[in-house]
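Every chain is numbered from 1 and lettered A, B, ... according to where its sequence line falls, protein lines coming before strand lines. Predicted, not measured: the structure shown is a model, and the values here were computed from it. Just so you know, these numbers use all the heavy atoms, side chains as well, and skip hydrogens, waters and symmetry mates.
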Amino acid sequence: MNDIRLIREKPDLMRDALGKRQMETAPVERLLALDEERRAKLAELETFRAQRNAYSKEIGRLADAARRETLKDQVRVINIQIDELETLVGELDAQLQEALYELPNIPDADVPFGKDDSENVVVKTVGAPREFAFTPQPHYELGPKLGYLDFERGVKLAGTRFYVTNGLLAKLQRSLIQWLLDHHIARGYREFGLPFMVKEDIMLGAGQLPKFRENLYHDVERDAWFVPTAEVPLTGLHMDDILDGDQLPLNYTAYTPCFRKENLAAGKDTRGIKRGFQFDKVEMYKYCKPEDSENELNNMVADIESALTALEIPYRVKQLCTGDLGFGSAKTFDLEVWAPGINEWLEVSSASNVRDFQARRGNIRFRRERGAKPEFVHTLNGSGLGIPRTMIALIENYQQADGSLAIPQALREYTKSDVIR
RNA sequence: GGAGGGGUCGCAUAGCCAGGUCUAGUGCGGCCGCCUGCUAAGCGGCUCUAGGGGGUUAUUCCUCUAGCGCGGGUUCAAAUCCCGCCCCCUCCGCCA
């Protein structure tokens, strides 16, 4: 959510941001009109309330019964006005809120302009794709051949877009999660074990609702929503808090499964384990001071890169252009790994500086020092990493001519073996 | 699932039964000042959040509104009375 005062005072910033994102600017005009009307009515309402407070106080003091009754009558009249105005202001508030929710974050000045994902910019490519002496197989053939990846039983248990792993592949996946967490912890992140369901107001505060309602699983009886990413509970941790400025930045990491309803047509995008209704992810998250967020985004990207480097898989870093930037993000880098079997770059991480967009909505603030006014923190999030796609990269990059898989050096401590066959 | 107790300005508490100087008191903590070789003590003052209006527009300032777990209701007026919900504690029952 953007700052209404900023939009009020500098509407061109918002119009410009929408233009860069290839979006209509009409919502800004509607918002400005709403805001002006709301403030006018609010002033009116508050004047009446001040009047009522004064009269009520006087009634309490008056000894004369007749005069008391006269004043009571006057307040009753005022109360009719107040009721009307309260209803009106309430409606305007709701509309304003809704209008604010519809406006995306303002892209940073250094985000390249572009109309869509075709204009994202590859910032760097690290590691050359491995040369194979044989034709590398896609993971969805290799896995089942090894007997450790079972699509049929996934469907049997939970329907389309689910799968089952077993044996060494299941262990490799668990090892990967554990290694990633330990890797981040060693670089200064604190691990969290989180609920995989959250209440609706946490979803709202994290910005998943109302926008992504149709993509979320939830229990209608209990106000419990399955998390689509650990970013949601990690944001929720400090909602309505006023953090101590000295403690910032806070670097958090957590493993959770992620649940997303995405009704895609069957095809290239849903083949294999690339896009399930449930997937595992290790998430990274930062709360920091506004002046530090740009640098912290670079730090986070470096942290993700160090994981990919240690896993020894070729990757590239892409900066998203204005037209492809996520709704809440001011600046985003995607990290993609090379998958030689399916022959494509796979997004395993997306690291974003959200600035105060999420903090304002979730009311997450900090105080620079005792007595100072609370300010909104900046938040950043990034995957570190998405597990299924990283698994695809591991399986396809580490496959050997005999159909077995080598285990990356970094993970052997966890898997207690160096090959899967 | 049943019975009882509780949720108040950072922390601890008072206020609620008997609605109105509650502008929510007190203690602790914290900040500023005074006093004092130093420290401590003592004395005085200050202490939350959000929003609106006015004045300057760089900050300071003046004023109003709202907030006592959340949401409704009664009333001229609600921390206080009524209804619903949430959370915490104790005990009983059930259960992995």
**Prompt:** What is the distance, rounded to the nearest whole Å, between atom CZ of A/Arg68 and atom P of B/G20?
**Reply:** 15 Å
**Message:** Between A/Asn53 and B/C64, is there a contact of a side-chain N or O with OP1 or OP2 at under 4.0 Å?
**Reply:** no
**Fill in**
Comparing nearest nucleotides in RNA chain B, the 5'-proximal residue of the pair A/Pro374, A/Ala54 is A/Pro374
**Prompt:** Taking the P atom of each, how far is B/C82 from B/C17, in whole Å?
**Reply:** 9 Å
**Message:** Looking at A/Arg49, I'd like to know whether one of its side-chain N or O atoms comes within less than 4.0 Å of OP1 or OP2 on B/U65.
**Reply:** no
**Message:** Less than 4.0 angstrom between a side-chain N/O of A/Arg367 and OP1 or OP2 of B/U49, yes or no?
**Reply:** yes
**Message:** Looking only at side-chain N and O atoms, does A/Arg52 offer a donor or acceptor that is under 3.5 Å from a partner on A/Asn79?
**Reply:** yes
**Prompt:** Distance between the C1' atoms of B/C76 and B/C91, in whole angstroms?
**Reply:** 46 Å
**Message:** Can you measure A/Phe48 atom CZ to B/G53 atom P for me and round it to whole angstrom units?
**Reply:** 17 Å
**Request:** In whole angstrom, give me the gap between the P atoms of B/C16 and B/C22.
**Result:** 12 Å
**Prompt:** Can you tell me the Watson-Crick or wobble partner of B/C38, both distances under 3.5 angstrom?
**Reply:** none
**Prompt:** If we call it a pair only when both distances are under 3.5 Å in a Watson-Crick or G-U wobble match, what pairs with B/G1?
**Reply:** B/C92
**Request:** Name all residues meeting the ring-ring contact (aromatic ring centres under 6.0 Å, His included) criterion together with A/His183; count only those two or more places apart in sequence or in a different chain, and write none if there are none.
**Result:** A/Trp179
**Message:** Hydrogens and angles aside, do A/Asn363 and A/Arg365 bring a side-chain donor and acceptor to less than 3.5 Å of each other?
**Reply:** yes
**Message:** Can you see if the side chain of A/Arg61 gets near the phosphate of B/U21 - specifically, an N or O under 4.0 Å from OP1 or OP2?
**Reply:** no
**Request:** Could you measure between the two C1' atoms, the one in B/G69 and the one in B/A79, and give it in whole Å?
**Result:** 12 Å
**Message:** Expressed as a whole number of angstroms, how long is the span from A/Asp35:CG to B/G51:P?
**Reply:** 12 Å
**Asked** What pair of heavy atoms forms the shortest contact from A/Val348 to A/Ser383, and how long is it?
**Response** O-CB, 3.7 Å
**Prompt:** In terms of the nearest nucleotide of RNA chain B, which residue is placed more toward the 5' end: A/Thr47 or A/Lys72?
**Reply:** A/Thr47
**Watson-Crick or G-U counterpart of B/A58, or none if no pair lies under 3.5 Å** = none
**Message:** Quick one about A/Glu231 and A/Gln208 (side-chain donor to acceptor, distance below 3.5 Å, no hydrogens or angles considered), yes or no?
**Reply:** no
**Message:** For a quick check of understanding: with a heavy-atom distance under 4.0 Å over all strands, which category does A/Leu42 fall into, base, sugar-phosphate or nothing?
**Reply:** sugar-phosphate
**Message:** Tell me whether the side-chain N or O atoms of A/Glu46 pair up with the base of B/G51 as donor and acceptor below 3.5 Å, since no angle test is needed here.
**Reply:** yes
**Request:** Mind checking the CG-OG1 spacing from A/Leu92 to A/Thr87? Nearest 0.5 Å is all I need.
**Result:** 11.0 Å
**Item:** Partner residues of A/Ser404 under the side chain to side chain contact (heavy atoms under 4.5 Å, CB included) criterion, sequence neighbours left out
**Value:** A/Gln400, A/Asp402, A/Val419, A/Arg421
**Item:** Any strand: nucleotide that pairs with B/A79 via Watson-Crick or wobble, under 3.5 Å
**Value:** none
**Prompt:** Per the side chain to side chain donor-acceptor pair (under 3.5 Å) rule, which among A/Arg190, A/His238, A/Glu191 passes with A/Tyr252?
**Reply:** A/His238
**Request:** For the residue pair A/Arg187 and A/Ser306, confirm or rule out a side-chain donor-acceptor distance under 3.5 Å.
**Result:** yes
**Message:** With no hydrogens and no angle check, just 3.5 Å: does a side-chain donor-acceptor pair link A/Gln358 and A/Arg361?
**Reply:** no
**Message:** Looking at B/U23, which nucleotide sits across from it as a Watson-Crick or G-U wobble partner, both distances under 3.5 angstrom, or is there none?
**Reply:** none
**Asked** Hey, does the Lys NZ or Arg CZ of A/Lys211 hover above the aromatic six-ring of A/Tyr101, less than 6.0 Å from the centre and inside 45° of the axis?
**Response** no
**Prompt:** Where along residues 232-246 of chain A does a heavy atom fall under 4.0 Å from RNA chain B?
**Reply:** none
Identify each atom pair where a protein N or O and an N or O of nucleotides 77-79 of chain B are less than 3.5 Å apart, giving names and distance.
from  : atom 1 : to      : atom 2 : distance (Å)
B/A77 : OP1    : A/Asn79 : ND2    : 3.2
B/A77 : O4'    : A/Ser56 : OG     : 3.2

**Message:** Measuring only the P atom in each nucleotide, how far is B/U80 from B/C9? A whole number of Å is fine.
**Reply:** 15 Å
**Item:** Atom C1', compared across B/A12 and B/G6: separation rounded to whole Å
**Value:** 15 Å
**Item:** Nucleotide opposite B/C48 in a Watson-Crick or G-U pair, distances under 3.5 Å
**Value:** B/G67
**Value in whole Å for how far the P atom of B/G52 lies from CG of A/Leu85** = 17 Å
**Prompt:** Between B/C48 and A/Lys373, is there an OP1 or OP2 to side-chain N/O distance shorter than 4.0 Å?
**Reply:** no
**Request:** With sequence neighbours left out, write down each residue that passes side chain to side chain donor-acceptor pair (under 3.5 Å) with A/Asp117, or none if nothing qualifies.
**Result:** none
**Request:** Return the value, rounded to whole Å, for the distance between atom CD of A/Glu86 and atom C1' of B/G52.
**Result:** 15 Å
**Asked** Rounding to the closest angstrom, what is the interatomic distance between B/C85 and B/A14 at atom P?
**Response** 27 Å
**Message:** For a quick test of reading the model, state the closest non-hydrogen atom pair linking A/Glu347 to A/Ser350 and the distance between them.
**Reply:** OE2-CB, 3.5 Å
**Message:** Measuring only the C1' atom in each nucleotide, how far is B/C38 from B/U59? A whole number of Å is fine.
**Reply:** 37 Å
**Message:** Rounded to whole Å, how long is the line connecting atom CD of A/Gln51 with atom P of B/U63?
**Reply:** 18 Å
**Asked** Any side-chain donor-acceptor pair under 3.5 Å between A/Tyr287 and A/Asn251?
**Response** no
**Request:** Starting at atom CG of A/Leu204, determine the distance to atom P of B/C70, rounded to an integer number of angstrom.
**Result:** 18 Å
**Request:** Within residues 5-14 of chain A, find the residues that approach RNA chain B with a heavy atom at under 4.0 Å, and present them sorted by residue number.
**Result:** A/Arg5, A/Arg8
**Between P of B/U21 and CG of A/Leu62, the distance in whole Å** = 15 Å
